[in-house]
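So you know, we letter chains A, B, ... as the sequences are listed, proteins then strands, and number each from 1. None of the values given here were measured: they were computed from a predicted structure.
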Amino acid sequence: MSIIRVRFAPSPTGPIHLGGIRTALYNYLLAKKYNGKFILRIEDTDQNRYLHNAVSYILKSLKWCGIEPNEGFGYGGGPYEPYIQSKRSYIYKFYINYLLKNKYAYYAFDTNKDLEIKRNEYKKLGLNFSYDHRIRMSLNNSLTMTKENLIKKLKCNIPYVIRFKVIPGLVLKVNDMIRGDIKFNTNYLDDKVLLKSNGMATYHLANTIDDYTMKITHVLRGEEWISSMFIHILIYKSFGWAPPNFAHLPLILNKNGKGKISKRNLNYFKFPLFPIEWKEPSTNKKIYGYKELGYFPDAFINMLAMLGWNPGNNREIFSLEELVNFFSIKKINKSGVFFDKKKAIWFNKQYIIKNKNKIFLFLAKELKNRSILFDNNFLWKVIDLTIDRINFIYEIWDHTYYFFIEPDNYDKSFISKIKDKNYVIKNINILLNKLNFNSFNELKCIFSELENKKFFMKLIRFSIVGSLKGIELFKILEMIGKKQSIKRIKKFIKKIESQVY
RNA sequence: GGCCCAUUCGUCUAUUGGUUAGGACGUCAGGUUUUCAUCCUGGAAAGAGGGGUUCGAUUCCCCUAUGGGCUACCA
């Protein structure tokens, strides 16, 4: 079998999102599994929507996700350079001449305005205008004019596009590795523009030529491309080329609205779309990505992989390496999927325990930033005691601060519940004298025979933590020790004493 | 409107002619945690509808419905 070559071919018209990353991921997995090549090709044939920072964003995103290509744009040269379509015009020109010469394509001089008028006319009649075999002979193109007239027009630099001449009436069958055979009738195809009036190729031309010349064996892309696969097949046919294998991935859909996720209607979505932070060039507004929201890249990738693919059993947690191992196109699902934010959070939680070191480093940094001295062993103990309470790394401080610092403010709702402060002050002092703060078991023992113990435990928790949260109280007391415990309790008592009811 | 793709618990999915239709997230209830979260146990929850084919259909075929995609000199 020849070497597998797959490509990820984003267009730099905006930030790459969830769906794009998943497409890249599946391509990556297939390439890695069979020791093939994963190629990055930039499809920048749309000059109007081109965004200058989109390319670097794509590169940075793939890097953060850990699914970097091993050939293509930004990854060194390769045998099929250049890997950016705006630099490949000369190649497209060569092939378009072949198409023209062999009557697979033709010049069309209809202006946008002409077509606009046509479209409106059709619309009024309740019809849909389509530049196709039925009407091409009534439009302003090289099929309907004399050779002399055509040459004259070309000499005068009248703007034109080159359109593909669809052969009608063919029923073709094309295999999709995920969906099986798909039949289509070329009658429904329109004569797609292959070369724009500005001399740039359109997606359809550039994509087919690039996939062929770059020896792409498998095309894994979103389901939205199924329709244009038909025209691509026809283009391959006219060149006499064998098309690559196709696999059209199910779309990730927007649950709270309608339609597929898209970079064109950002505000529409109730879940994060981007892998890393994106800065809107027009407004300079920053939009957080999964990275900034605290997701681990491996958790993010794991979650994405399971959105449309599964290994055929109940297992859900996979490292990237394991995904490579188990990946199979055959197990990719057909139907569109809705993103579930809660499940995404759950995925991240599964990676918290695997990333204990990172949590240690993060917490150590938090402490250093606050100029708090700490002991490494103590810190590890704290993390072990609290790690199962967090979903994201940044949450750790909120669950551990009380091991290091006194609470500086207290939740008012508890204090206001204390009706008889004299009773409290009297009893807490008796209690403090009895307690051995260095022994978890003794603490437990003394409290178990205490009258009104629930209240006093809450009170002590409150003075230590500042609110009614945190790990087992006796464990906290044991960890922070007698001196610190008593200090915090006394401070809180003072607060109660000064309180006017 | 036309063409194409899809359809199993709320969500992601397993089961590719014979299962009490399984798991995960979420949800609900109970337990542990003398707080909160975690954790544990249990519950509710599904093969869109209608026709076929078959001894037997979630599984194969057709129709309808629903969702989605495309229908640009956008990708």
Separation between the P atoms of B:A75 and B:U15, rounded to whole Å: 39 Å
Figure out the CZ/P separation between A:Phe271 and B:C12, and round it to whole Å. 11 Å
Using a cut-off of less than 4.0 Å, is there contact between a side-chain N or O of A:Ser11 and OP1 or OP2 of B:C74? no
Does a donor on one side chain sit under 3.5 Å from an acceptor on the other, for A:Asp46 and A:Tyr203? no
May I ask you to say what A:Glu43 touches in the nucleic acid, namely base, sugar-phosphate or nothing, with a heavy-atom cut-off under 4.0 Å? sugar-phosphate
Under-3.5 Å donor-acceptor pair between A:Arg179 side chain and B:C5 base: no
B:C4 C1' sits how many Å from A:Glu223 CD, rounded? 9 Å
With both distances under 3.5 angstrom, what nucleotide forms a Watson-Crick or G-U wobble pair with B:U27? B:G43
Can you find a side-chain donor-acceptor pair between A:Asp132 and A:Tyr188 that sits under 3.5 Å? no
Between A:Glu223 and the options A:Arg179, A:Lys334, A:Arg22, the salt bridge (Lys or Arg N to Asp or Glu O under 4.0 Å) test singles out A:Arg179
The contact string for nucleotides 37-42 of chain B, one letter per nucleotide 5' to 3', using protein heavy atoms under 4.0 Å with B, S and - for base, sugar-phosphate only and none, comes out as BS----
Let me see the working for A:Val219 and A:Asp211 under side chain to side chain contact (heavy atoms under 4.5 Å, CB included), right down to the final yes or no. CA-CA 8 Å; A:Val219 171; A:Asp211 280 346; 3.6 Å; yes
In whole Å, measure the gap between the P atoms of B:A6 and B:C63 for me. 14 Å
Considering every strand shown, what is the Watson-Crick or G-U wobble mate of B:U58 when both distances are under 3.5 Å? none
Distance-only donor-acceptor test, A:Ser197 side-chain atoms vs B:C73 base atoms, 3.5 Å: yes
Do A:Lys343 and A:Met303 come close enough that some side-chain heavy atom pair is under 4.5 Å? no
Counting side-chain heavy atoms from C-beta on, which of B:U34, B:C73, B:C70 comes nearest to A:Glu472? B:U34
State whether A:Lys331 places a side-chain N or O below 4.0 Å from either non-bridging phosphate oxygen (OP1 or OP2) of B:U15. yes
Between B:A24 and A:Lys343, counting only base atoms on the nucleotide and side-chain atoms on the residue, is there a donor-acceptor pair under 3.5 Å? yes
Under 3.5 Å on both distances, the Watson-Crick or G-U partner of B:G67: B:C5
Which part of the nucleic acid, if any, lies within reach of A:Met457 when heavy atoms closer than 4.0 Å are counted: base, sugar-phosphate only, or nothing? base
Taking atom P in both B:G18 and B:U13, what distance in whole Å separates the two? 23 Å
For side chain to side chain contact (heavy atoms under 4.5 Å, CB included), just list the numbers for A:Thr202 and A:Lys192, CA-CA rounded to whole Å, side-chain angles, deciding distance to a tenth of an Å, and then say yes or no. CA-CA 9 Å; A:Thr202 59; A:Lys192 282 263 176 288; over 6 Å; no
Answer yes or no: does a side-chain N or O of A:Asn333 lie under 4.0 Å from OP1 or OP2 of B:A14? yes
Would you say A:Arg163 reaches B:C73's phosphate, i.e. side-chain N/O to OP1/OP2 under 4.0 Å? yes
Any side-chain donor-acceptor pair under 3.5 Å between A:Asn348 and A:Tyr290? no
Respond yes when some side-chain nitrogen or oxygen of A:Lys196 is under 4.0 Å from OP1 or OP2 of B:C74, and no when none is. yes
Base paired to B:U34 (Watson-Crick or G-U; both N/O distances under 3.5 angstrom): none
With no hydrogens and no angle check, do the side chains of A:Arg136 and A:Thr144 hold a donor and an acceptor under 3.5 Å apart? no
Short side-chain N/O contact from A:Asn314 to OP1 or OP2 of B:A24, under 4.0 Å: no
Nearest-angstrom distance from the residue atom OH of A:Tyr203 to P of B:U71: 12 Å
